[in-house]
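Taking it in order: structure first as structure tokens, then the write-up.
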Amino acid sequence: PTESLLLPASMCRAADLEKGLPTKARSNTWIIAIVILTLALALGLGVGLGVGLNKKEDSTISTYSTIADVACGTNAPAQFSTLCAAIAASPTVLAALSAAGTYTVFAPNNDAFDALPDGALADLLKPENEPALTNLLLKHTLGSKVPAADALNLVNEPVDTLASTNSITEKIVVDGNGTAGPVTITPAIVGGSAEVVAPNLAEADNGGSVIHEINKVIATWSYMSIAQVACDPSLDATVGTLCAAVGASSAVADALSNSGSYTVFAPTNGAFAALDQTFLQSVLADDATVTALLQKHALGSVVPASVALTLENSAQTTLNGEDITVDGSTGSVLVTPSILSGPSTVISADVQTSNGVIHVVDKVLALAALVPPPSPPPPVPPPSSPPPPTIADVACGTNAPAQFSTLCAAIAASPTVLAALSAAGTYTVFAPNNDAFDALPDGALADLLKPENEPALTNLLLKHTLGSKVPAADALNLVNEPVDTLASTNSITEKIVVDGNGTAGPVTITPAIVGGSAEVVAPNLAEADNGGSVIHEINKVIATWSYMSIAQVACDPSLDATVGTLCAAVGASSAVADALSNSGSYTVFAPTNGAFAALDQTFLQSVLADDATVTALLQKHALGSVVPASVALTLENSAQTTLNGEDITVDGSTGSVLVTPSIL
């Protein structure tokens, strides 16, 4: 071919500009140009002396353009016109090869495409077949530069291409024929190997990419038979054992290599590895057995995954005449029977080949002679005993005592309590009888049962419930004992006081809503939870704090560790004790035990000993109306008159309620 030399743009510009230079300067410019031209010719001769893969002179189109520019640009080799039409029909490949990169392209010439089966190329170029065309072109492309000298050193080497099927990279096998060349690539669509007929035909991407011309079109899996794909080096790590099995059965190898329509359920290497290896080797060594086993994995028609997923325990006849069952009703394709029992699951579906489809499965299917016997049915368990009755069953079930009908209505109105007492547990319930509820103030019970008052009802019922079993014999030994209940207010557990009256009984519980103590009138009335819980019938409803006066709550044993000193102070002032025990509307700022402890104790004792002083001091902590925190937080240095006539200042502007003055 005739070589042409293109002067660099910088030299052209120099030739244009030299017109405006002095004569001597123009002479110098031409001297420089002649030197550069001489060097370029010398370099061209050096390149032209290189030896190619076929021990012929390499074609040396050298460029800084991309692969697409070199192969399909204005001055592209004529023998790539069909390849360029294919690249133009694949936007993915066109974009990749039009951008800078590092590639090796095995470029089929026009003769290679002409040798394809009739209609194959026209079919590939249809818009609907663009994905297949793209994968075919990518199978001719490596993601690195492999010049001829490197390729000659390869011996049947599997090499990754940019093509992939079902996320598996497709490989080609490159062989340098003992470094003598020519380099060959398999597989080819028309069979045999593709031969590199013009190695290092062109470089691109600033020397980062190279093009080798080949004489056959490389095949993707869709042009290969099932037998070829099963033994493709790309899949050796997945189904290499299956390939060995197919090689051991000439009948199966022939069938799956020829034209036809098949579906093959291909066990993975792991599926074969899970078998007893002595058994597996005996199967592979017996032609009749391995043939029958492989035929049991093949159907005589194409069943893609989309169809298999619609089947429900469908019998499908295999090539050995035995049926398998295919089921897609669970959202996965399951195939039975398998040698190791249980279904074999399709883990990679729809590997398209020239004569059917491959579904990769995770277990080896079983011949009828190899199907394991069915497992015996599990023993029928003896009928289970009914669970022991719970507190809710005993107090409110079918045979419940009639005197608890009101209590049961209250429990039913509290989902929290109903759920707790309907489940197994360990409880003591002091159960008020109907008379106890009847003794409540008019309207109190009806008000409690309103849906909006469910939290208050729940807390009231929990105040009657202990989280442990306390039978009557234990309760009789208690002497005014504060006992934790399941009720709580502001995260403080509310207590009841239980007294056994010197072990003589009856056991009494305080506080009660109607005053006095509730009495246990039927101890150990019933047990529940397999003896873990007990019910005692009582004659009064126990009170939560919301039913108690300020004076009673201040002296409640639940709060002794918090405001016990305040209780003592209230006890030292009959006027304050009376006021805070009676009906009215008050707000009390209650100092903690720590607040009193911070005072000089001699001073504190003198205050507590003087009725007038302690009364005035306590009244200074009380307002004659209810001021909830939500209101107090809206006040800003607000003067509030206390029960002793003096003002305090309440301020909520900081986000906390602050009250002044204080002694300290």
Side-chain angles (χ1 to χ4, degrees), residues 115-118 120 156 158 165 168 170-173 184-194 216-236 238-269 271-272 275 280-304 316-324 326 335 339 344 346 348-361 364-370:
L116 292 179
D118 289 345
N156 287 324
T165 296
I168 301 171
E170 294 198 30
K171 299 177 187 285
I172 54 176
V173 176
T184 57
I185 300 103
T186 52
I189 291 179
V190 295
S193 300
K216 290 184 180 180
V217 179
I218 298 170
T220 51
W221 289 345
S222 60
Y223 289 94
M224 298 162 62
S225 70
I226 290 175
Q228 288 176 308
V229 172
C231 293
D232 189 89
S234 313
L235 290 173
D236 186 61
T238 307
V239 292
T241 308
L242 175 65
C243 172
V246 170
S249 170
S250 57
V252 172
D254 289 345
L256 299 184
S257 297
N258 296 327
S259 59
S261 296
Y262 302 104
T263 297
V264 170
F265 297 98
T268 63
N269 294 347
F272 283 105
L275 301 179
L280 177 61
Q281 293 308 314
S282 69
V283 169
L284 295 178
D286 185 85
D287 183 71
T289 305
V290 72
T291 296
L293 182 64
L294 292 173
Q295 288 173 334
K296 186 70 179 271
H297 289 76
L299 306 178
S301 60
V302 174
V303 181
Q316 301 286 322
T317 302
T318 66
L319 295 187
N320 84 334
E322 296 180 10
D323 284 354
I324 57 175
V326 180
V335 188
I339 293 179
S344 182
V346 172
S348 183
D350 290 342
V351 177
Q352 301 293 333
T353 72
S354 64
N355 60 348
V357 66
I358 298 174
H359 303 310
V360 180
V361 295
V364 180
L365 302 180
L367 291 168
L370 301 176

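Everything quoted here is computed from the prediction, not taken from an experiment.
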(request) Find the distance between CG (L367) and CG (L293) and round it off to the nearest 0.5 Å. (result) 5.0 Å
(message) Within the structure provided, determine whether N258 and S225 are in side-chain contact (heavy-atom separation under 4.5 Å).
(response) no
(message) Would you compute the distance between atom CD of E170 and atom OG of S222 and round it to the nearest 0.5 angstrom?
(response) 7.5 Å
(message) Going by side chain to side chain donor-acceptor pair (under 3.5 Å), name the residues that satisfy it together with Q352, two or more places apart in sequence or in a different chain.
(response) none
(request) Using a 4.5 Å cut-off on heavy atoms from C-beta on, say whether the side chain of M224 contacts that of T353. (result) no
(request) Sequence neighbours left out, what passes ring-ring contact (aromatic ring centres under 6.0 Å, His included) with H297? Give chain and number order. (result) none
(request) Answer yes or no: is there a donor N or O on one side and an acceptor on the other, between the side chain of H359 and the main chain of A266, under 3.5 Å? (result) no
(message) Please report the interatomic distance CD1(I226) to CH2(W221), rounded to the nearest 0.5 Å.
(response) 13.0 Å
(request) Evaluate the criterion side chain to side chain contact (heavy atoms under 4.5 Å, CB included) for residue pair V326 and V303; output intermediate values, then yes/no. (result) CA-CA 10 Å; V326 180; V303 181; over 6 Å; no
(request) Of all the heavy-atom pairs spanning S261 and V302, show the shortest one and how long it is. (result) CB-CG2, 3.9 Å
(message) My understanding is that only residues two or more places apart in sequence, or in another chain, count here; which of them pass side chain to side chain contact (heavy atoms under 4.5 Å, CB included) with I189?
(response) L116, P117, L136, V217, A219, Y223
(request) Determine yes or no for a side-chain-to-main-chain donor-acceptor pair under 3.5 angstrom, with K296 supplying the side chain and A366 the backbone. (result) yes
Kindly list each side-chain donor-acceptor pair under 3.5 angstrom involving residues 238-256, sequence neighbours excluded, with atom names and distances?
residue: T241; atom: OG1; partner: N269; partner atom: OD1; Å: 3.4
residue: S249; atom: OG; partner: V252; partner atom: N; Å: 3.3
residue: S249; atom: OG; partner: T291; partner atom: OG1; Å: 2.6

(message) Distance check, rounded to the nearest 0.5 Å: T186 atom OG1 versus N156 atom CG?
(response) 7.0 Å
(request) Would you mind reporting whether V357 and P304 have side-chain heavy atoms less than 4.5 Å apart? (result) no
(request) Locate the shortest heavy-atom distance separating P158 from K171; write the atom from each residue and the value. (result) CB-CD, 3.8 Å
(message) The criterion is side chain to side chain contact (heavy atoms under 4.5 Å, CB included); which residues satisfy it with A271, sequence neighbours excluded?
(response) P267, T268, V364
(request) Go through the structure and list residues passing side chain to side chain contact (heavy atoms under 4.5 Å, CB included) with L319, not counting sequence neighbours. (result) Y262, Q295, A298
(request) Working to the nearest 0.5 Å, report the span between CG of N355 and CD of Q228. (result) 8.5 Å
(request) Quick one: list whatever passes side chain to side chain donor-acceptor pair (under 3.5 Å) with S354, sequence neighbours left out. (result) none
(request) Would you check if I218 and I172 make a side-chain contact, meaning some heavy-atom pair closer than 4.5 Å? (result) yes
(request) Go through the structure and list residues passing side chain to side chain contact (heavy atoms under 4.5 Å, CB included) with A115, not counting sequence neighbours. (result) none
(request) Tell me, please, which residues at least two apart from D323 pass side chain to side chain donor-acceptor pair (under 3.5 Å). (result) T317
(request) Could you tell me which residues satisfy side chain to side chain donor-acceptor pair (under 3.5 Å) with T184, sequence neighbours excluded, listed by chain and number? (result) none
(message) As a quick check of understanding, evaluate side chain to side chain contact (heavy atoms under 4.5 Å, CB included) for V360 and F265, giving each step before the final call.
(response) CA-CA 6 Å; V360 180; F265 297 98; over 6 Å; no
